[in-house]
Each structure stands twice: as C-alpha cells, then as structure tokens.
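A note on names: the letters A, B, ... follow the listed sequences, proteins ahead of strands, and every chain is numbered from 1.
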Amino acid sequence: MRTHTCSQLNESSIGQTVTLCGWVNAYRGHGGGLIFVDMRDRAGITQVVFDSDDGNEAVMEAGDRLRNEDCIQITGVVRARGKANPKIATGAIEVLVTELEVLSKTKKLPFIPSNEKDLPNEEVRLRYRYIDMRRPVMQNILRTRHRVTKLTRDYFDEHEFIEVETPVLCRSTPEGARDFLVPSRNQEGMWYALPQSPQLFKQILMVGGCDRYLQIVKCFRDEDPRADRQAEFTQIDLEMSFVDRDQVLELIEGFAKHLWKEMLEVELPDFPRMTYQDAMDTYGIDRPDTRFDLKLVDISDLAAKADFAVFTDALAKNKGVVKAIRVPGAATKFSRKVTDKFNPFVEQFGAGGAPTAKFVDGEFSTGISKFLGDIKDELIERLGLEDGDAVVFGADSYNICTKALGELRLKIAREHDYIPEGKWNFLWVYDFPMFEYDEESERYHSLHHPFTAPTKAELERFMACDAKDVDTVESIVSDGYDMICNGSEICGGSIRIHQQEVQSKVFELLGMSHEEAKLKFSFLLDALTYGAPPHGGVAFGLDRLVMHLIGTENIRDVIAFPKSLTGVDLMSEAPNMVDDEQLEELHVRSTAKVHS
RNA sequence: GGGGCGGUAGCUCAAUUGGUUAGAGCCCCGGACUGUCGAUCCGGAGGUUGCGGGUUCGAUUCCCGUCCGCCUCGCCA
C-alpha cells in the first residue's frame, strides 16, 4: 500500500512519486487553496500539502475534510520546501498530494495523541490504549521492550541456553502468593493454577538434562498491585546445571552489562557484593540504594549512656537497638513541619517515632538535643557530624528500627534531593537467611523460596538443626542472591537443592508433614532421587528492567495492556461476568453477592 | 482488609460563606484565510457536577453510604 514510511523521504527523493500511509498528526488549513497535513506513522512524520494551484478540485475538497487521527493513504510528488522545518527529520521536503484515500475516518477523539503536552489522566489513556499507543513515546517503549527481549534471547543463545515453554495450566502450590485458579471441565471439582513462576519446571528441566534453559514467560500472582507491581507480569527465567554461585553471578552480571551497553551505551563496572546482614545493618533494607549515603549507624552503646527513656526502653527490648542517620546539610532543610511528618511515617512500620536533632555551631539543637548532652562528643565522632547536619534516630527492636529507618532514609533522600541523577548502582546481595520465624503464624517462612539450597558450608549444620531451635534455624545461610539496581530488585536467584533429603528437611522445617510434602511436591521429590544435577539460576523481572531503561516509576508504562490497581483491564473490561451455563460446565457455582 | 488523595462538558480545569441560567481553553460543528508547522481569526453546539440517600427555602459545595481511579501499609514463597 505504501512506497515509503513517513521517516524515509529526504532531499534526494525530490521529484519522486511516492505513496504514504498513516494518521493525520496535525492539520493546518488555509481555506480553499492550501492545506498542510502532517502525516505520522510508526517511523516518523512527513508534511503533505494540498495545493489548489497544483492539485485537482476533488482532492482539495477531500483534504479539507480531514481531521486529526484520520487514517489516510496519499500519493504525490516529493518537492523541496520553501523553508525547512528543523524539528522533524523530513523537514526539508514535503509531498504535494495528487491522490487521497481516507482509509478510516475517526470520530471525535477522547484525546489527541500528538499533543504530548496536554495528555489526559492515565485512566483515559488506558481506556483508549490504542490511541495512547500511537504516541511516539509509547511506540518507543514497545520497541525498547522488544529490543530487550531480543538481546536477551541472543545473549543466552550464544551461551548455549535453549528456550523451553513450560505449562500455563499448573498444579496449585499453596506456598507463596495467592494463586489464580482455573476450573477443570474434564476433572470435576479440580482446579488448575496459573504459574507464579516456572520454578519447579525449570528444575525438572535440569534433572531432564537440558543443562541450560531460558524462557521469557508470563507469571501470575493474585496479590494487590502497586505502582511497580502487576498481578500478571513477565520474567526472564533461566536455569543452569553444574554451576556454583559465582559462575551464575558472572554470567548474569555479564548479561546486565551487555544490556546496559547495548541499550544505553553505559559501561557498568563490576558489581559490588554485599551480604544480607550488611545491607540490613547499613541500609535497613535487603535492596539497598547505594547511590547516596544516609547510612544507618548503630549507636546502641552510646544511647545506653544517655538519660533518655525512649533509648533505654528500646534497648531493654528483645534485640533492642538505637540507630542514627546523619543527614548532611539538613539543619536548614528539616523544618518542624518536615520532621513532624517523620513520626506518622515510621509508625506505619511499627516504630514509635523518629526523633531528630540538628547540629549547628558545635551544639545539638531542637528535637531531642537536650537528651544528647552526655554522649555529644562520641556521637559527633561516630556519625562524622559536620556543622549544619541533622540526625534522625530510631530506637526499637532490631527488625522494626531497621525497617523504619530504612524506609525513612529513602523518603528523606527522595524528598530532599539526596539521589544523584544519572547514576547506575548495581550490586549483588547474598548470604540471605534460609528462614524467618513468623510470630503470627508460629512457623518458619522461606526468605527466598523453599527450593533454595543452604550454602555448602552450612549444609551439615542445616541437616542437623532442630526446628525448635529458632536461633539456629534463623542463622542458616542460603545460597541465594539478588541483583539490585538503584535500590530496586531486578533479578533474584539461587543455587537450588538437588538432593531429596535436603529438600525434605526444608519442607519439614516449614511445618509440612512428610505426607503433606509428598502430596504437594511428590514429582519434585521423586525427580531429585533420579540423579539430579547440581543447578541454579535466576529470574529477572522484565517489566522492571524496561522501567529502568526508559526511566519510569510506573509499571503500566511498560506494559502494552496493563491492569488497574483493582485488576481491571480498563480497555477490554476484563474480568467480566459469565453465563451460568459456562459455570455449569465447569462444575462451579458463584457465591458472589453481585450478579448482573 | 487498613490509611490518604481524587472524580464537574469528549479532554484539561474553574466556580466566592451553601445562592440567579455551572464557566474557560482544547476537541467537535459552521464560516474566513495561499506557506503553515501546537497555524490564525469569527461564530456555534456540547452538562444526570461518578451513583444513591440525607440536611436545607436552596447542594458542585455540608453529612452518610457506595462505585471507580491513583498512592500506600498489610500482602507479594
């Protein structure tokens, strides 16, 4: 239908007769005699002209009726412009229209995609995603995503990975996130679950001798979404046999470097490595943003000497700590109005408050400064305080204090400009605990997932540990690792368990009886008894990867057809009611209070 | 499930202390205009103020409920 795209014509094309297809990006009419139309397609923009001096009446009249976003095909002759437009690539030329075909007329639009400066809110954009997608920005995102998946397949193909598809209709595994369920028609009363990840299948592929597996795969977790999280998302999932942790990290780090080089022309340095414990101690979070300092410093020993009930009460708690963050130059930034908001913020994370003090002219002032007299000099030295700094304190049990200050650190950094632009801070976090005891459910949870192996050094201690000995169980270190980029987890993985007795021990510690484990995971436990190779791998969040590459905080930006925070596709209006006959066939009856 | 913000024309927004016929720009429709490039100028159409209830002589405005969107805590092995 066309001879060129809207980006291809230039001065060397002058005189040629060409045919273009695309949308009316802008319409500038000058009465009966002269009309300019900017035509847009995927590739770019070309100005076409309807001119009564050179064209015919019928074309002129049809051109007069064009409006923004009509889909058209024109044929005409390329000619030079009197005055070039430097804003567009084809600005030196225009096409004098001799034939116009309106392929598809638009009705009144909810918004004009060519007007980037006056976009409607996201709800409208999502409802009319097909209009939103016409915007070059959105086209660029889709192409960026495509390039990432292509680079991924190429990189891992070169390293002898093969892509294998795993099932979408799976067994439900009650561990982990809530499953999306699909009723079985043939097996009355039975249900499939959509995969939360292809974890077990990829391990089985290793047992099956595939050696190196890759898949770009949809995963589903029926939990409430967030700005950076959708219930339906895409993983770059891979697994390797006969490798140890460092070999996995090397290959995966190489991949990340390759991506950043190809996509952004950024040469990433080798990734630093940090233990989970260091990350928690220093940053209060297992995915530290190392682009800025504002580190958490333990001052428990000093706080014990201060005559301040908030400190001493906290230290009296089980695993009580007092920590402080030096905020450089914040004495002037931290008005009463600002610091007053810290308390309700940390209360969200269970902390009592986040007291502050300013350090001005060699003295502490405001906030809790009057309680700091006895430990002033030691505090200045410990925190490296300089004139004009502010200090934020946290005092509570280790877990609460660390979490609250870690989150407050990020809030302060964001709101008071402590995050430098244009930095890419990657790192590996490793040596996670295998388990965490959950007081509420009175049982252990896997920090990573229950197929993560303990490190080789821990294996003996792990196999011997007693479930009742919480301290020992919580101290077992796993062979898991996360790749962190600017404070966001973009990839996580581990060396997996390849020995049946080790896997059984994990299930046992998780409170699963032998029978229960057999019922839920018999195929895995069986497979591990038939010569399973040592193996490990990772999974990248593709959506998050693309978010970083295009620089957005909104996961919906990088998904062609995303869902709202209530799991609704605003365009297609999924989910929807179904007929009773459909339910009947599936042996399902609804208990929902709302019916159509 | 909890907390916060929002919903007024197709879109982006305004509307004084609760007060006459709810306004403006863009879009759309009609007209003028031969070198524009977010064209310009003139005119016109366009409203269940998310929905339901309450208070009031009178509600976009106050109250209650509900729906939707966004942010967030819990949750996300």
(request) Classify the side chain of A:R28 and the base of B:U34 as holding, or not holding, a donor-acceptor pair under 3.5 Å. (result) no

(message) If the cut-off is 4.0 Å, is A:R67 near the phosphate of B:C26, judged by side-chain N/O to OP1 or OP2?
(response) no

(message) Any strand counts, and the cut-off is 3.5 Å on both contacts for Watson-Crick or G-U wobble. Which nucleotide pairs with B:G6?
(response) B:C68

(message) Would the base of B:A77 count as contacting A:T173 through its side chain, where contact means a donor and an acceptor less than 3.5 Å apart?
(response) no

(message) B:C11, OP1 or OP2 - any side-chain N/O from A:R125 closer than 4.0 Å?
(response) no

(request) Would you mind reading off the distance between A:R287 atom CZ and B:C76 atom C1', rounded to a whole angstrom? (result) 11 Å

(message) Counting only side-chain heavy atoms from C-beta out, which of B:G69, B:U34, B:C37 sits nearest to A:V568?
(response) B:G69

(request) Take A:S446 and A:K105, find for each the nucleotide of RNA chain B with the closest heavy atom, and name the residue whose nucleotide sits nearer the 5' end. (result) A:K105

(request) Classify the nucleic acid contact of A:P120 as base, sugar-phosphate or nothing, counting any heavy atom under 4.0 Å across all strands shown. (result) sugar-phosphate

(request) Please evaluate the base of B:G35 for a donor-acceptor partner in the side chain of A:E94 within a cut-off of under 3.5 Å? (result) yes

(request) Flag as yes if A:H30 stacks onto the base of B:A39 (centroids under 5.5 Å, planes under 30°), otherwise no. (result) yes

(request) Just compare B:U34, B:U12, B:G35 and give me whichever is closest to any side-chain atom of A:D53. (result) B:U34

(message) Do A:P113 and A:W23 make a side-chain contact, defined as non-hydrogen atoms from C-beta onward lying under 4.5 Å apart?
(response) no

(message) Closest-nucleotide mapping onto RNA chain B: is A:Y27 or A:G176 further toward the 5' terminus? I mean the 5' end.
(response) A:Y27

(message) If I take atom CZ in residue A:F36 and atom C1' in nucleotide B:U36, what distance separates them, rounded to the nearest angstrom?
(response) 4 Å

(message) Quick check: do A:Y213 and A:D237 have side-chain heavy atoms less than 4.5 Å from each other?
(response) yes

(request) Classify the ring geometry between A:Y276 and A:F432 as parallel (under 30°), tilted (30 to 60°) or perpendicular (over 60°). (result) tilted

(message) Tell me the interatomic distance from A:R79, atom CZ, to B:G35, atom P, rounded to whole angstroms.
(response) 13 Å

(request) Can you figure out which of B:U34, B:G35, B:G74 approaches the side chain of A:S52 most closely? (result) B:U34

(message) Are A:T166 and A:K202 packed together at the side-chain level, in the sense that at least one heavy-atom pair is separated by less than 4.5 angstrom?
(response) no

(request) Ignoring the backbone of A:R226, work out which of B:C71, B:U72, B:C76 is nearest its side chain. (result) B:U72

(request) Give a yes/no answer on whether the side chain of A:S114 brings an N or O atom under 4.0 Å of OP1 or OP2 in B:G38. (result) no

(message) How many whole angstroms separate atom CD of A:Q47 from atom C1' of B:U36?
(response) 7 Å

(message) Just by distance, no angles: are the side chains of A:R171 and A:T173 close enough, under 3.5 Å, to form a donor-acceptor pair?
(response) no

(message) Does A:G91 reach a base, just sugar-phosphate, or nothing at all? Heavy atoms under 4.0 Å.
(response) nothing

(request) Return the nearest nucleotide to the side chain of A:R221; candidates are B:G74, B:A77, B:C70. (result) B:A77

(request) Can you tell me the distance, in whole Å, between the CD atom of A:E123 and the P atom of B:C13? (result) 12 Å

(request) Scan A:T452 against the nucleic acid and name what it touches under 4.0 Å (heavy atoms): base, sugar-phosphate only, or nothing. (result) nothing

(request) Measure distances between side-chain N and O atoms of A:R127 and base N and O atoms of B:G10, and say whether any donor-acceptor pair falls under 3.5 Å. (result) no

(request) Would you tell me if any nitrogen or oxygen in the side chain of A:K107 comes within less than 4.0 Å of OP1 or OP2 on B:C28? (result) no

(request) Taking all non-hydrogen atoms of both residues into account, name the closest pair between A:F451 and A:Q203 and its distance. (result) CB-OE1, 3.3 Å

(message) Measuring to OP1 and OP2 of B:C70, would you say a side-chain N or O of A:N121 lies under 4.0 angstrom away?
(response) no

(message) With a 4.5 Å cut-off on side-chain heavy atoms, are A:M434 and A:V506 touching?
(response) yes

(request) Answer yes or no as to whether B:C11 has its base stacked against A:F111, where stacking requires a ring-centre separation under 5.5 angstrom and planes under 30 degrees apart. (result) no

(message) Only pairs with both distances under 3.5 Å count, Watson-Crick or wobble alike; so what is the partner of B:C41 in this structure?
(response) B:G31

(message) Side chain of A:K403 only, heavy atoms from C-beta on: which candidate in B:U34, B:G74, B:A77 is closest?
(response) B:G74

(message) Side chain of A:V124, heavy atoms from C-beta onward: which of B:C11, B:G35, B:C76 has the nearest atom to it?
(response) B:C11

(request) Name the closest nucleotide to the A:K108 side chain, picking from B:G1, B:G10, B:G69. (result) B:G10

